Amino acid sequence: MKFGIHSGLWMTRWTDEIEPIMSTVAELGFDGIEISLLGITLDRAASLNAAARDRGLEITCSTGLGAHEDPTSPDPEMRKAAQAALKNAVRITAALGARQLAGVIAAPWGVFDPGDKAGRAERSAALLGGIDPLLSEEGVVFGVEVINRFETDLINTAQEGIAYVDAVGSPRIGLLLDTFHLNIEDKDPPASIRAAGKRLVHFHVSDNDRGTPGNGHFDFSGAAGALRDIGYDGWVTAEMFVVPGHPTSADLNIWRALEPDPTEAARQALQFMKATFQ
């Protein structure tokens with residue numbers, strides 16, 4: 001296993017400087033840092049790549065799509081915009097020296113149309129499948145995130161995620177499972193992890209309130225056992241949002257301070273992750 005943490009824990013805005021956060025992450029002893037591409041342009045990638053290497057960190061990436069970049073839409077212009085955004089994200093990921101890009105890439109965050117769910121999933125899977133040649137060229141793997149009902153209506157459960165990536169049919173496109181979302185949507189998270197099997201390419205951890213893993217009621221020992229059962233040895237990355245009032249966490253409805261200090265939350269998270277998942 002490799003242990004990472006999402007830079008968003010410390011960020012007020014997605015355009016904040018990331019190098020100081022990298023220094024903190026390295027000092028805490030993490031193997032890597034996850035960077036949201038929402039605030040990253042291609043011209044910043046080379047310097048961030050060098051900064052991470054200087055600190056002995058690997059980079060993984062996450063991203064999301066806006067409402068106008070919709071791979072599920074019947075409007076070909078919206079699908080074209082989604083394809084352009086995802087291809088640009090793949091190129092930035094590669095320029096950062098990263099090999100994994102995961103997140104809300106099957107549908108835009110916060111867009112709902114349950115009456116056309118099957119058609120939307122079909123259009124989205126076809127579009128992502130068309131990006132496979134670029135993923136292969138750049139050496140990048142996509143992780144489609146399974147998220148809860150309040151953030152999307154397209155892929156809420158691991159079983160829906162499995163059906164989606166099987167429809168895409170690319171060996172470079174798998175699943176990102178997240179304990180926060182599993183806690184809401186999946187009746188048996190360890191069974192969902194086992195069902196994902198080799199499709200699982202990335203794993204996010206936070207507790208049931210999106211705070212420090214181990215401080216709530218999620219069954220992390222069961223999740224860790226399931227990861228061992230499927231032979232998962234990739235990234236386990238803490239994705240916590242604990243500070244209220246920041247634009248980076250506003251859409252996630254963080255209305256109170258879930259933890260008093262982000263850096264201490266990160267320290268506790270790494271200690272727990274190493275004790276639970278190694």
Side-chain angles (χ1 to χ4, degrees), residues 1-8 14 18 22 25 30-53 56-66 69-72 79-109 124-147 155 161-162 164-178 196-204 232-237 239:
M1 298 281 188
K2 292 187 286 189
F3 298 110
I5 191 162
H6 201 294
S7 59
W14 292 123
I18 298 175
M22 288 181 175
V25 169
F30 284 92
D31 301 307
I33 184 169
E34 188 152 314
I35 295 175
S36 171
L37 299 187
L38 296 179
I40 304 297
T41 51
L42 190 59
D43 61 302
R44 293 183 65 193
S47 62
L48 289 172
N49 183 349
R53 285 188 282 105
L57 295 173
E58 295 183 50
I59 294 176
T60 59
C61 299
S62 60
T63 195
L65 294 170
E69 302 161 337
D70 189 349
T72 76
R79 295 200 305 276
K80 183 178 178 180
Q83 182 183 59
L86 290 172
K87 286 185 172 181
N88 185 55
V90 171
R91 294 186 178 103
I92 294 173
T93 298
L96 284 165
R99 292 293 171 258
Q100 285 201 333
L101 170 62
V104 186
I105 57 178
W109 192 93
S124 175
L127 188 144
L128 258 69
I131 299 176
D132 178 85
L134 180 63
L135 292 171
S136 181
E137 177 185 336
E138 298 287 5
V140 173
V141 171
F142 260 167
V144 177
E145 186 167 15
V146 178
I147 61 176
I155 302 175
I162 289 166
Y164 178 88
V165 299
D166 286 353
V168 173
S170 165
R172 289 192 167 272
I173 300 177
L175 287 177
L176 160 58
L177 294 181
D178 182 308
K198 296 302 181 184
R199 302 174 188 85
L200 185 65
V201 298
H202 201 51
F203 196 69
H204 276 173
Y232 181 79
D233 63 353
W235 285 97
V236 175
T237 297
E239 187 193 39

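Remember, it's a predicted structure, so these values are computed and weren't measured experimentally.
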- Note: V104 and W109 closest approach over all heavy atoms is CG1-N, 3.9 Å
- Message: Determine whether a donor-acceptor pair (N or O, by modelled atom type, separation under 3.5 Å) exists between the side chain of R199 and the backbone of D166.
- Response: no
- Message: Could you check whether any side-chain heavy atom of H202 comes within less than 4.5 Å of a side-chain heavy atom of V141, counting everything from C-beta outward?
- Response: no
- Note on the structure: Rounded to the nearest 0.5 Å, the CG atom of L86 sits from the CD atom of E69 at a distance of 8.0 Å
- Query: Hey, what do you get for CZ (F142) to CG (L128), rounding to the nearest 0.5 Å?
  - Reply: 5.5 Å
- Message: Can you confirm whether P171 sits close enough to D132 that some side-chain heavy atom of one is under 4.5 Å from a side-chain heavy atom of the other?
- Response: yes
- Note on the structure: Heavy-atom closest pair (A106 atom, P71 atom, distance to 0.1 Å) is O-CG, 3.2 Å
- Query: Could you give the distance from CD (Q100) to OG1 (T237), rounded to the nearest 0.5 Å?
  - Reply: 8.0 Å
- Item | Value rounded to 0.5 Å, distance of CD1 in I155 from OH in Y164 | 5.5 Å
- Task: Please tell me if the side chains of I92 and C61 come closer than 4.5 Å, counting only heavy atoms from C-beta onward.
- Result: no
- Message: Tell me which one of L37, T63, L135 satisfies side-chain contact (heavy atoms from CB on, under 4.5 Å) with V90.
- Response: L135
- Item | Heavy-atom side-chain contact between I33 and I59 under 4.5 Å | yes
- Could you tell me whether the side chain of I162 reaches within less than 4.5 Å of the side chain of L175, counting heavy atoms only? yes
- Item | Closest approach of A102 to L176 (non-hydrogen atoms, all atoms of both residues) | CB-CD2, 3.8 Å
- S136 versus R172, closest heavy-atom pair with distance: CA-NE, 3.4 Å
- Item | Note, D31 side chain near M1 side chain (heavy atom, < 4.5 Å) | no
- Mind running side chain to side chain contact (heavy atoms under 4.5 Å, CB included) on M22 and I35 for me, showing each step along the way? CA-CA 10 Å; M22 288 181 175; I35 295 175; 4.0 Å; yes
- To the nearest 0.5 Å, tell me how far N88 CG sits from I40 CD1. 12.0 Å
- Task: For L127 and R79, work out which heavy atoms get closest and say how close.
- Result: CD1-O, 3.2 Å
- Report the distance from atom CG of L96 to atom CD1 of I18, rounding to the nearest 0.5 Å. 8.0 Å
- Query: Where do D70 and P108 come nearest, in terms of heavy atoms and distance?
  - Reply: OD1-CD, 3.2 Å
- Item | Member of R99, K2, E34 meeting the side chain to side chain donor-acceptor pair (under 3.5 Å) criterion with T60 | E34
- Would you say H204 and W235 make side-chain contact, with heavy atoms under 4.5 Å? no
- Message: Do V144 and V168 make a side-chain contact, defined as non-hydrogen atoms from C-beta onward lying under 4.5 Å apart?
- Response: no
- Item | Worked verdict on E138 versus T93 for side chain to side chain contact (heavy atoms under 4.5 Å, CB included) | CA-CA 9 Å; E138 298 287 5; T93 298; over 6 Å; no
